[in-house]
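So the structure is just underneath, and the comments pick up after that.
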Amino acid sequence: MAVQAVHLEADAFLVCLNHALSTEKEEVMGLCIGEVDTSRIVHIHSVIILRRSDKRKDRVEISPEQLSAASTEAERLAEMTGRPMRVVGWYHSHPHITVWPSHVDVRTQAMYQMMDQGFVGLIFSCFIEDKNTKTGRILYTCFQSIQAQKSSEYERIEIPIHVVPHETIGKVCLESAVELPKILCQEEQDAYRRIHSLTHLDSVTKIHNGSEEPANFTKPAANGVKALLTYRFQQEQPRVTQINSPWE
Amino acid sequence: MAASISGYTFSSVCYFSANSSADHEGFLLGEVRQEETFSISDSQISNTEFLQVIEIHNHEPCSKLFSFYDYAGKVDEESLDRILKDRRKNVIGWYRFRRNTQQQMSYREHIIHKQLTHILGVPDLVFLLFSFISTANNSTHALEYVLFRPNRSTDFFDKDGVMKDIRAIYQVYNALQEKVQAVCIDVEKSERVVESFQADVNKLKRQIAQRKNEKEQKIRLQQAILSRQMPADNLEPMFVPRMSYTGFAVEGCTLEDSDVSDPPPPYSDFSATSQESTVSHGLLESSVFMPRPQAVGSSGYVSTNTGLKYSGNGASMPSSQRAVGDNVDESEDSDYENLLEPTESSDSEYSQTRDSRPSAHPDGDSRNTQTSQI
């Protein structure tokens, strides 16, 4: 196929994982920013976390507006890093679900490949637990789509993916990472506003529906603080320095 | 028990692990608390549940392996302090990331864990193992994680290092085995008693059958004599019919006695009650009568031949001989017993049952029947 392999930088991998692990109830998604080299290896340097406009459980779709906004962001990153950056793929999560792409996923991927042959798809499967062995599992896979020979349906083909060490957390990734709690908060805010805008509901119902919001707010807010405190820096290494949190 | 780790901490561990070309390890910081849930339901007034909650708030990665222990697995407290600094009091466990390995604690990890437990003063120190595996074409990867509490398992082990559960199972098994042995001995005793009773019953049945036969034979003889007295007086032919009739009688007996099917005799039963006994065959050599199979209806004057068709049960002696035999049997029996005494000494139970048996011992004949089986 068009793509030989995918090299995912470790700090981008960190953001993807953060994003995937942030929500257990529904799928999250984002876009991958990077470049493709002459040997047709896709290098993913960063990711953009997308807000889901439609929080349906089994569907993950990127609107054209989001794609356009992502391209703009990619240009900004290209300027910042001095490298040719563009949107090279997309990722989404499968909480409590197997890592393999569904038919919808394969079709969506095929659609993206129509505009860009080198477009890749990543899936992160998390919150998988084996009760018998008390083992938890997180899986990730990379795929593209091809047209099946016999039918008009699309099939998944596997693309090798390697997480490439990146000693420091790039600025871009840090921004994306911190963006996550903000986005989660915004989503809750939107949901709250939507409920409040329903004027036909009586005040009791509004209060009831809205009373969950503070809890929903504080969670991402707390997570945001946690995120900052977790991205710590070690003094010994020529990498990052330590930030002590009041909680420890 | 419930253990939790935030997604940020988890992905941070994954990040450091991905950056390591070798294994990666570090410490887990957080808190352990006991939660008590008090539930009231319709079925129970109150139900208290204790749940130990382990919360991993953060991690302290080690920059390289062997940073706080040496190759022998000996932990150096100074190095430990240098890594942890004032976070030492928040340590609730440690973790290790490995690729393509089993999801078990290695021996070195066990040793280190024990020492950390003592040095850090955390009795319930946990160990979080991350293992990484990939598909052959590297398109799909899995990171598995499992939390160990090796110190807890000391409940399972007693001072010998054998699991308490297993020791308990062995004890139960041993006790059971002893019980089974004791019961087996009792059962064996009662079985022997049952056997001898059964043999007695069979004997008595045969006696009854024989006596019946004798009666019938007498009647027939009398009838035959009455009917023969008309033509001529010949003593000799009298014997012939007897022989032939005994043949018939034998047949009759055989038919009747086929109801009385003896079970195969026990090996310990040396008495001649068991005519099928191959052991007794050798002893029968010394007995008076040696039966030989004779065709039905043959008029051969075979004095030594009891005129028996082959029968499984020995109720086939001529009545006269039998009448004599009853008395003879006693003495024969006593001789027999004398012969048998030495061999019976090993079977004390049997001799007891022999003594308790009725003295009527009709089976001199049954002793004499051939031992080949039908």
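Lettering follows sequence order; numbering is per chain, from 1. Basis for what follows: all heavy atoms, side chains included, without hydrogens, waters or symmetry-related copies. These figures come from a predicted structure and were not determined experimentally.
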Problem set entry | Heavy atoms from other residues, nucleotides or ligands near CD of B:Glu78 exceed 12 (cutoff 6.0 Å) | no
Exercise. Quick check: are there more than 12 heavy atoms from other residues, nucleotides or ligands sitting under 6.0 Å from CD of B:Glu35?
Worked result: yes
Problem set entry | B:Phe132 portion near chain A, given a 4.5 angstrom heavy-atom threshold | side chain
Problem set entry | A:Cys142 SG to B:Asn137 CG distance, which is reported to the nearest 0.5 Å | 10.5 Å
Seminar exercise, completed: Under 4.5 Å to a heavy atom of chain B? For A:Phe13 that would be side chain
Problem set entry | Heavy-atom side-chain contact between B:Tyr145 and A:Ile138 under 4.5 Å | yes
Exercise. Is there a donor-acceptor contact under 3.5 Å from the side chain of B:His141 to the main chain of A:Ile161?
Worked result: yes
Problem set entry | Region of A:Ser125 that comes under 4.5 Å of a non-hydrogen atom in chain B | neither
Exercise. Does the B:Tyr15 side chain pair with the main chain of A:His166, one donor and one acceptor, at a distance under 3.5 Å?
Worked result: yes
Problem set entry | Atom pair CD1 (A:Ile159) and OG1 (B:Thr140), whose distance is rounded to the nearest 0.5 Å | 11.0 Å
For this session: Answer yes or no: is there a side-chain heavy-atom contact under 4.5 Å between B:Asn19 and A:Glu167?
Result: yes
Problem set entry | Nearest-0.5 Å distance that lies between atom CG in A:Leu14 and atom SG in B:Cys14 | 9.0 Å
Seminar exercise, completed: Separation between OG1 (A:Thr133) and CD (B:Glu144), nearest 0.5 Å, reads 7.5 Å
Seminar exercise, completed: Heavy-atom nearest pair, B:Ala18 first then A:Val163, reads CB-CG1, 3.7 Å
For this session: Report yes or no: does A:Thr141 contribute a side-chain atom to a donor-acceptor pair with the main-chain N or O of B:Ser139 at less than 3.5 Å?
Result: yes
For this session: Measure distances from A:Asp11 to the heavy atoms of chain B and classify the residue's part below 4.5 Å as side chain, backbone, both or neither.
Result: both
For this session: Quick one: which of A:Ala5, A:Pro160, A:Ala20, A:Gly136 has the most heavy-atom pairs under 4.5 Å with chain B, could you say?
Result: A:Gly136
Seminar exercise, completed: The interface call for B:Gln103 against chain A, heavy-atom contacts under 4.5 Å, is side chain
